[in-house]
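Report on the structure given below.
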Amino acid sequence: MNKSIGLVYSNFESADQAKEIAKSLIERGIAKCANIMAPHTAIYEWKNTIEKTNEVAVLFKCDPYKKEQLIKALKEIHPYDVPCILDIDASAIPEYAKWLAG
């Protein structure tokens, strides 16, 4: 039976910024792993204007008991005024969940 894990999605202005923040959160022991995705185009409405920009998405994985701490830390260090931080319900095979919790 699969076990619950912490999974948080966010995006950043560049791969370098994503790497720096991911490394910081892993070094602090809050996140266990961060998957940095390829750059993509984001189109969104901001202050009544349609914006188009390049971003880099990151999936942060952690012990489910550290997920709130991860979200709080990410909100504090994220450079965006209103960052996209998504709390995703997820589960994994027991062996992987055990590694995340370790």
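Quick note: numbers below take in every heavy atom, side chains included, and nothing from hydrogens, waters or symmetry partners.
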Legend entry - Under the side chain to side chain contact (heavy atoms under 4.5 Å, CB included) test, residues paired with Lys52 that sit two or more places apart: Thr41, Ile43
Legend entry - Over all atoms of both residues, closest heavy-atom pair of Gly29 and Lys66: O-NZ, 2.8 Å
Legend entry - For Lys67, all residues meeting side chain to side chain donor-acceptor pair (under 3.5 Å), sequence neighbours excluded: Asp87
Legend entry - Heavy-atom closest contact (Cys62 atom, Leu100 atom, distance): O-CD1, 3.9 Å
Inset, instruction - Using the test side chain to side chain contact (heavy atoms under 4.5 Å, CB included), find all partners of Ser14 that sit at least two apart in sequence or belong to another chain. - result: Asp16, Gln17
Inset, instruction - Give the minimum heavy-atom separation between Ile5 and Ala92, together with the two atoms involved. - result: CG2-CB, 3.8 Å
Legend entry - side-chain hydrogen bond (donor to acceptor under 3.5 Å, both in side chains) partners of residues 90-102, not counting sequence neighbours, each pair once: Lys61-Tyr96
Inset, instruction - Indicate, with yes or no, if Leu74 and Leu86 share a hydrophobic cluster defined by side-chain heavy-atom contacts under 4.5 Å among Ile, Leu, Val, Met, Phe, Trp and Tyr. - result: no
Inset, instruction - Enumerate the residue pairs fulfilling salt bridge (Lys or Arg N to Asp or Glu O under 4.0 Å) with a member in residues 75-84, sequence neighbours excluded, ordered by first and then second residue. - result: none
Legend entry - Shortest non-hydrogen separation from Ala73 to Arg28 and the atoms involved: CB-NH2, 3.8 Å
Inset, instruction - Return the minimal non-hydrogen interatomic distance between Pro64 and Ser4, and the atom names on each side. - result: CG-O, 3.5 Å
Legend entry - Nearest atoms (heavy-atom pairs only) where Asn2 meets Ile93: OD1-CA, 3.6 Å
Inset, instruction - Answer yes or no: is there a side-chain heavy-atom contact under 4.5 Å between Val58 and Ser10? - result: no
Inset, instruction - If a pair satisfies ring pair (Phe, Tyr, Trp, His ring centres under 6.0 Å) and one of its residues is in residues 73-92, list it, with sequence neighbours excluded. - result: Phe12-His78, His78-Tyr80
Inset, instruction - Mind checking ring pair (Phe, Tyr, Trp, His ring centres under 6.0 Å) for Tyr9 and listing every partner two or more places apart, or none if nothing turns up? - result: none
Legend entry - Partner residues of Lys23 under the side chain to side chain contact (heavy atoms under 4.5 Å, CB included) criterion, sequence neighbours left out: Glu27
Legend entry - Partner residues of Tyr44 under the ring pair (Phe, Tyr, Trp, His ring centres under 6.0 Å) criterion, sequence neighbours left out: none
Inset, instruction - Could you list all the ring pair (Phe, Tyr, Trp, His ring centres under 6.0 Å) pairs where at least one residue sits in residues 45-77, not counting sequence neighbours? - result: none
Legend entry - Single hit among Ile71, Leu59, Leu25 for side-chain contact (heavy atoms from CB on, under 4.5 Å) with Val8: Ile71
Inset, instruction - Answer yes or no: is there a side-chain heavy-atom contact under 4.5 Å between Pro79 and Ile21? - result: yes
Inset, instruction - Could you list the residues that satisfy side chain to side chain contact (heavy atoms under 4.5 Å, CB included) with Ala101, not counting sequence neighbours? - result: Asp63
Inset, instruction - Give the intermediate values and the outcome of side chain to side chain contact (heavy atoms under 4.5 Å, CB included) for residues Ile36 and Lys19. - result: CA-CA 7 Å; Ile36 299 171; Lys19 288 175 193 175; 3.5 Å; yes
Inset, instruction - Using side chain to side chain donor-acceptor pair (under 3.5 Å) as the criterion, list what pairs up with Asn11, not counting sequence neighbours. - result: Glu55
